[in-house]
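Worksheet: one structure, shown below.
In this text, all values refer to a predicted model and were calculated from it rather than measured experimentally.
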Amino acid sequence: MIDYSKDIILNSNLSLRRNIKGFDFPKTMTLDDSLKVIDIFRKIYGDKLILLEDLDETSLNKLLASFALSKNFDKGSRQIGLVFEDDYILTINDKDHLAINIIDFNMDIKNAYKKAMEVEGKLDKVMDFAFSAKLGFLTSSARNTGSGLEIFLKTFLFGLIDSNEAYFGLKQALMADGIFINKYRPYRDRPYSDDIYILKNVGNYRKDMDSYLAKIEENLDVIVRNERRFRRDYKLLNKIEDEEIEDKINLILNNLDQGLLKSLDQIVKNLYELKKYRALDFDTRLSPNEIDYLIFNLSKTKYKGNRNERRYKFLKEYMEGR
């Protein structure tokens with residue numbers, strides 16, 4: 001991992017999406033057809049192919065966090081399969097019949113794409129992908145039709161984006177290079193934190209994919225370097241004294257200790273605040289690993305709704321235990 005992107009790029013996934021000719025897309029396919037697609041891949045991967053229903057909870061939530069599995073994976077009656085290899089993950093019958101996922105590539109987008117294409121090339125020899133001479137590879141989302149490429153980068157940008165003006169200015173500049181940035185909204189279309197942003201590729205009709213990916217890498221490098229620079233000058237730019245930040249940290253920790261934060265929105269928003277102050281080299285009592293552990297576990301799919309007693313109990317016991 002490139003050190004200067006640490007705690008700026010939180011998750012990354014490059015997905016190459018394909019569908020098999022002769023089958024409906026997963027959203028409308030029957031259970032029987034989904035099982036036939038599973039069998040096609042089982043003949044290739046054997047016992048390496050596992051069913052989603054057999055996956056443990058932690059692995060399931062890691063797939064969701066890394067964008068290797070869609071948040072609507074549980075909609076419909078289809079059977080979903082997975083293949084875990086050392087350098088890629090296949091999801092079968094999720095949004096498309098096949099997604100070749102290269103996760104945690106950080107900033108090396110070109111190599112991630114190269115690896116995905118290598119896997120796709122081998123599979124293309126043994127199955128017939130749905131393809132149109134006019135449109136390219138057919139996918140369930142029109143945005144991905146063409147090359148079938150889908151890139152997600154989850155970023156923590158509290159230094160670079162400090163106002164709506166900065167946000168919309170960056171959005172406009174990136175769109176010119178085929179990159180879409182938007183606030184991360186994982187729950188009920190509300191953001192956990194105003195500082196978490198998703199970067200995604202836009203437009204899959206590219207004659208020169210290598211040049212396009214190089215442009216994304218170039219923009220990403222500029223964003224990361226500027227975020228690091230603005231973090232260095234954060235207190236000066238925002239006219240904040242150490243004592244103010246220390247007071248905010250103590251207030252958050254007291255709220256966590258006393259169990260005063262009950263909803264998912266409140267809890268995770270405050271944890272991201274601690275993550276921000278930790279990145280600014282303040283003592284937050286909770287280590288970076290502890291903060292990430294709590295964010296991951298408190299936002300798991302097992303907790304239903306914004307307020308959940310089991311989530312509250314988990315946090316309370318964790319804070320008391322440490």
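Although no hydrogens or angles enter the test, the distance criterion places no donor-acceptor pair under 3.5 Å between the side chain of Asp233 and the main chain of Leu236. Counting only distance, with no hydrogens or angles, the side chain of Tyr212 and the backbone of Gly178 share a donor-acceptor pair below 3.5 Å. Looking at Asn308, its side chain never comes within 3.5 Å of a backbone N or O of Tyr303 through a donor-acceptor pair. A donor-acceptor pair is defined here as one N or O able to donate and one able to accept, closer than 3.5 Å; such a pair exists between the side chain of Ser140 and the backbone of Lys95. Remark: the backbone N or O of Leu261 is not paired with any side-chain donor or acceptor of Gln266 at under 3.5 angstrom. In this structure, the side chain of Asn254 does not engage the main chain of Asn250 through any donor-acceptor pair within 3.5 Å. Under the 3.5 Å distance criterion, the side-chain polar atoms of Asp56 are matched with a main-chain donor or acceptor of Thr58. No donor-acceptor distance shorter than 3.5 angstrom exists from the side chain of Asn101 to the backbone of Ile103, with no hydrogens or angles considered.
Annotation for Arg206 and Val202: closest pair NH2-O, 2.7 Å, computed over non-hydrogen atoms. Heavy atoms only, all atoms of each residue included: Leu220 and Asn106 are closest at CD2-O, 4.0 Å. The two residues Leu298 and Arg311 have their closest heavy-atom pair at O-NE, 2.9 Å. In plain terms, the two heavy atoms of Lys183 and Asp194 that are nearest each other are NZ-O, 3.5 Å. The shortest non-hydrogen separation linking Met107 to Ile9 is CG-CD1, 3.4 Å. The shortest non-hydrogen separation linking His97 to Asn19 is N-OD1, 2.9 Å.
A heavy-atom distance below 4.5 Å is found between the side chains of Lys200 and Glu150. Inter-residue side-chain proximity for Leu153 and Phe67 is flagged as unmet; no heavy-atom pair is nearer than 4.5 Å. You'll find the side chain of Thr301 stays beyond 4.5 Å of the side chain of Asp74, heavy atoms only. Within the 4.5 Å cutoff, no side-chain heavy atoms of Lys269 are placed close to those of Tyr272. Contact of the Asp96 side chain with the Arg18 side chain is not registered, since no non-hydrogen atoms from C-beta on lie closer than 4.5 Å. Residues Ser147 and Met209 form a side-chain contact, since some pair of their non-hydrogen atoms from C-beta on lies under 4.5 Å apart. A heavy-atom distance below 4.5 Å is found between the side chains of Ile161 and Ile181. Side-chain contact between Leu237 and Asp162 is absent, with no heavy-atom pair separated by less than 4.5 Å.
Cluster annotation: Leu280 is not connected to Leu251 through the hydrophobic network of ILVMFWY side chains, with a link wherever side-chain heavy atoms come within less than 4.5 Å. Linking Ile, Leu, Val, Met, Phe, Trp and Tyr whenever their side-chain heavy atoms come within less than 4.5 Å leaves Tyr88 and Phe84 in two separate clusters. Linking Ile, Leu, Val, Met, Phe, Trp and Tyr residues whenever their side-chain heavy atoms come within less than 4.5 Å places Leu14 and Val224 in a single cluster. Residues Leu52 and Val37 do not share a hydrophobic cluster, clusters being chains of Ile/Leu/Val/Met/Phe/Trp/Tyr side chains in contact below 4.5 Å. Residues Leu274 and Met319 share a single hydrophobic cluster, defined by chaining ILVMFWY side chains whose heavy atoms lie under 4.5 Å apart.
Checked for salt-bridge contact, Glu320 and Lys316 meet the test: a charged N lies under 4.0 Å from a carboxylate O. Using a 4.0 Å cut-off between charged side-chain N and carboxylate O, Asp292 and Lys275 make a salt bridge. No salt bridge links Glu273 with Lys248; every basic N to acidic carboxylate O contact stays at or beyond 4.0 Å. Between Lys235 and Asp242 there is a salt bridge, since a side-chain N of the basic residue sits under 4.0 Å from a carboxylate O of the acidic one. Ion pairing between a basic and an acidic side chain is recognised when a charged N comes within 4.0 Å of a carboxylate O; Asp7 and Arg231 show no such pairing.
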N/O donor-acceptor pairs under 3.5 Å from side chains in residues 121-138, not counting sequence neighbours:
{"from": "Ser132", "atom 1": "OG", "to": "Lys134", "atom 2": "N", "distance (Å)": "3.2"}
{"from": "Ser132", "atom 1": "OG", "to": "Leu135", "atom 2": "N", "distance (Å)": "3.1"}

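For Asp94 and Ser70, the side-chain atoms include at least one donor-acceptor pair closer than 3.5 Å. Looking at Asn13 and Ser66, their side chains never bring a donor and an acceptor atom within 3.5 Å of each other. Judged by distance alone, the side chains of Asp208 and Ser211 do bring a donor and an acceptor atom under 3.5 Å apart. Side-chain contact annotation: Lys300 with Asn297, donor-acceptor N/O pair under 3.5 Å present. Tyr167 and Asn182 form a side-chain donor-acceptor contact under 3.5 Å, judged by distance and modelled atom types alone.
Between Lys302 atom NZ and Lys304 atom NZ the span is 11.5 Å, to the nearest 0.5 Å. Distance CG/Leu157 to CD1/Ile8: 7.5 Å, rounded to 0.5 Å. Put simply, CG on Asp39 and CD1 on Ile44 are 11.5 Å apart, with the number rounded to the nearest 0.5 Å. Going from atom CG of Asp221 over to atom CG of Asn226 covers 9.5 Å, rounded to the nearest 0.5 Å. Note that CG of Asp108 is 8.0 Å distant from NZ of Lys110, once rounded to the nearest 0.5 Å. Rounded to the nearest 0.5 angstrom, Ile295 CD1 and Ile291 CD1 are separated by 7.0 Å.
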Does Leu199 form a side chain to side chain contact (heavy atoms under 4.5 Å, CB included) with Phe180? I'd like the steps, not just the answer.
CA-CA 6 Å; Leu199 274 69; Phe180 180 71; over 6 Å; no
Can you list the steps and then say if Phe158 with Tyr234 is a ring pair (Phe, Tyr, Trp, His ring centres under 6.0 Å)?
CA-CA 9 Å; Phe158 66 82; Tyr234 181 85; 5.6 Å; yes
Run Phe105 and Ile151 through side chain to side chain contact (heavy atoms under 4.5 Å, CB included) and show every step you take.
CA-CA 11 Å; Phe105 59 81; Ile151 301 172; 4.1 Å; yes
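A cation-pi arrangement is present between Lys262 and Tyr312 under the rule of less than 6.0 angstrom and at most 45 degrees off the ring axis.
Listed by first and then second residue, the ring pair (Phe, Tyr, Trp, His ring centres under 6.0 Å) pairs involving residues 33-52 amount to none (not counting sequence neighbours).
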